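Quick notes on the structure that follows.
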Amino acid sequence: MSEHAHPTVKTFVAVWAALLVLTALTVFVATLELGPFNAIVALTIATVKALLVLLFFMELRYSTALTKVAVVAAVFFLFLLAGLTLSDYLTRGWSSYINPFH
Amino acid sequence: MSDSETAVQNLKHHFADLEQQKATSTFGMWLFLVTEIMFFGGMFASYLIYRLSYYNAWVAGSQTMEIQYGAINTAVLICSSLTMVLSVHSAKLGKRKMTAICLILTLVLGFAFLGIKGVEYYGHWVHHEVPGLNFHFEHTGNYDPRHVEIFFSLYFAMTGMHAVHMIIGAGLLTWLLIANARGRFSSEYNSPVEMVGLYWHFVDLIWIYLFPLLYLISHHHNG
């Protein structure tokens, strides 16, 4: 196994500053009236923050391919969990006219 | 104890070398975190379904949250992630004293988070927002207050589970501090510091999503 590169203290401080700026930004955006975009913008900022934490603080950027696959698999199954559940809940009304229980 | 001594002492017999041992523990820790993601994922999925089903009640519940508490706590956690990453960094360089200082700072920030969360929980109690114990919600919009109670149930489940993880993290940090003081870690062997670091950042990661979902996204909507 090769010797991993490691981030420096400077990188960590820069990531920390970016996380604080993004937090301030997401609080500011919450005070604006954006309709459905409030949720979209807030979750996009959260995902950027999550990526910063994952890649630099958790050093995923410098990890083995095996570790990266495990994390991508987790995200995939999370979407599967939410996606399949919603495909049930959001479509229940569609076939109510043939629903034998109604 | 010299670096190579701690290295020899900590190499388990079923590993070829420390490098392999470290790669194994890192992967094992990530697998554990994957199960944690799925564990919290169940609650996030419930949150999503209920928000779509009882949107007005969700907005009303979410608007009772005090954003400043959540924002300050987010900043506190981000700072604790920085001190955690610095303690891992120091441990890798074999700087015992610096590792200890950073671990203590992380612990202090962790308790600060829990303290602020406690103040917030007390506010929920005073305002009769605790489901099952004293829940009473003056509703003014087109929704069923029982659905607001579901919002608060999920709020307490998610932030409560998050807080439990923080408390476990504080215990792990204390353990690291003791082991570090006893000279268990060196520039060659420091996996426990790194693994607790992964756990601590994961807990931060969960909060990064809890904060917008519970406090922010419904702030300007009409219930």
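Quick caveat, the model's predicted, so the values are computed rather than measured. Reminder, nothing fancy here: chain letters follow the sequence lines and each chain counts from 1.
- Only the side chain of A/L86 comes within less than 4.5 Å of a heavy atom of chain B; its backbone N, CA, C and O stay farther away.
- Interface remark: A/L34 contributes no atoms to any contact with chain B (heavy atom separation under 4.5 Å).
- Within 6.0 Å of CZ in A/F37 there are 12 or fewer heavy atoms belonging to other residues, nucleotides or ligands.
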May I have the list of side-chain donor-acceptor pairs in residues 44-52 of chain A shorter than 3.5 Å, sequence neighbours left out?
| from | atom 1 | to | atom 2 | distance (Å) |
| --- | --- | --- | --- | --- |
| A/T44 | OG1 | A/I40 | O | 2.6 |
| A/T47 | OG1 | A/L43 | O | 2.8 |
| A/T47 | OG1 | B/Y209 | OH | 2.9 |
| A/K49 | NZ | A/T23 | OG1 | 2.9 |

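- Residues B/Y215 and B/S218 have side chains not in contact (no heavy-atom distance under 4.5 Å, counting atoms from C-beta outward).
- Side-chain atoms of B/W200 and B/S81 include no donor-acceptor pair closer than 3.5 Å.
- Contact of A/Y89 with chain B is made through the side chain alone, with heavy-atom distances under 4.5 Å.
- Contacts between B/H201 and chain A at a heavy-atom distance below 4.5 Å involve backbone atoms as well as side-chain atoms.
- For residues 69-79 of chain B, the interface with chain A (any heavy-atom pair closer than 4.5 Å) comprises B/A71, B/T74, B/A75, B/I78, B/C79, sorted by residue number.
- Heavy atoms of B/I37 lying under 4.5 Å from chain A belong to its backbone as well as its side chain.
- Listed options A/A82, A/A42, A/A73, A/A39 were ranked by heavy-atom pairs under 4.5 angstrom with chain B; first place goes to A/A39.
- In terms of heavy-atom pairs under 4.5 Å with chain B, the best-connected choice from A/V15, A/L19, A/L22 is A/L19.
- Chosen from B/I208, B/T26, B/V88, the residue pairing most often with chain A at heavy-atom distances under 4.5 Å is B/I208.
- With B/H219 contributing its side chain and B/Q63 its backbone, the two residues share no donor-acceptor pair below 3.5 Å.
- Using cut-offs of 30° and 60° for the angle between ring planes, the B/F211 and B/W207 rings count as parallel.
- B/H147 and B/Y54 have parallel rings, their planes meeting at less than 30° on a 0 to 90° scale where 60° marks the start of perpendicular.
- Taking the side chain as every heavy atom from C-beta outward, B/F151 and B/M65 approach each other to under 4.5 Å.
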task: Evaluate side-chain hydrogen bond (donor to acceptor under 3.5 Å, both in side chains) for B/Y155 paired with B/S62, printing each intermediate quantity in order.
output: CA-CA 9 Å; B/Y155 164 81; B/S62 180; over 6 Å; no
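- For the set A/V53, A/V75, A/L90, the entry with the most heavy-atom pairs within less than 4.5 Å of chain B is A/V53.
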Name every donor-acceptor pair, under 3.5 Å, that has one atom in a side chain of residues 99-113 of chain B and the other anywhere in the protein, sequence neighbours excluded.
| from | atom 1 | to | atom 2 | distance (Å) |
| --- | --- | --- | --- | --- |
| B/T99 | OG1 | B/A91 | N | 3.2 |
| B/T99 | OG1 | B/K95 | O | 2.5 |
| B/T106 | OG1 | B/T83 | OG1 | 2.8 |
| B/T106 | OG1 | B/M84 | N | 3.4 |
| B/T106 | OG1 | B/C102 | O | 2.7 |

message: Could you go through B/Y199 and B/H165, starting from their C-alpha distance and side-chain angles, then the distance that decides it, and tell me whether this counts as side-chain hydrogen bond (donor to acceptor under 3.5 Å, both in side chains)?
response: CA-CA 9 Å; B/Y199 174 85; B/H165 279 76; 4.5 Å; no
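- Using a cutoff of 4.0 Å between basic side-chain nitrogens and carboxylate oxygens, A/K68 and A/E59 are not scored as salt-bridged.
- Contact check on B/E120 versus B/K117 returns a salt bridge, with a Lys/Arg side-chain nitrogen under 4.0 Å from an Asp/Glu carboxylate oxygen.
- Counting only heavy atoms from C-beta outward, the side chains of A/L55 and A/Y62 never approach each other to under 4.5 Å.
- Interface residue A/L66: backbone and side-chain heavy atoms are both found under 4.5 Å from chain B.
- Checked by atom type and distance alone, the side chain of B/N180 never pairs as donor or acceptor with a backbone atom of B/L176 at under 3.5 Å.
- The interface of residues 40-52 of chain B with chain A, defined by heavy-atom distances below 4.5 Å, comprises B/G41, B/G42, B/A45, B/L48, B/I49, B/L52.
- Heavy-atom pairs under 4.5 Å with chain B peak, among A/V41, A/L78, A/T8, at A/L78.
- Both the backbone and the side chain of B/L216 come within contact range of chain A, with heavy atoms under 4.5 Å apart.
- With a threshold of 4.5 angstrom between heavy atoms, B/I67 approaches chain A through side-chain atoms but not through N, CA, C or O.
- Side-chain atoms of B/Y121 and B/T159, non-hydrogen and from C-beta on, do get closer than 4.5 Å to each other.
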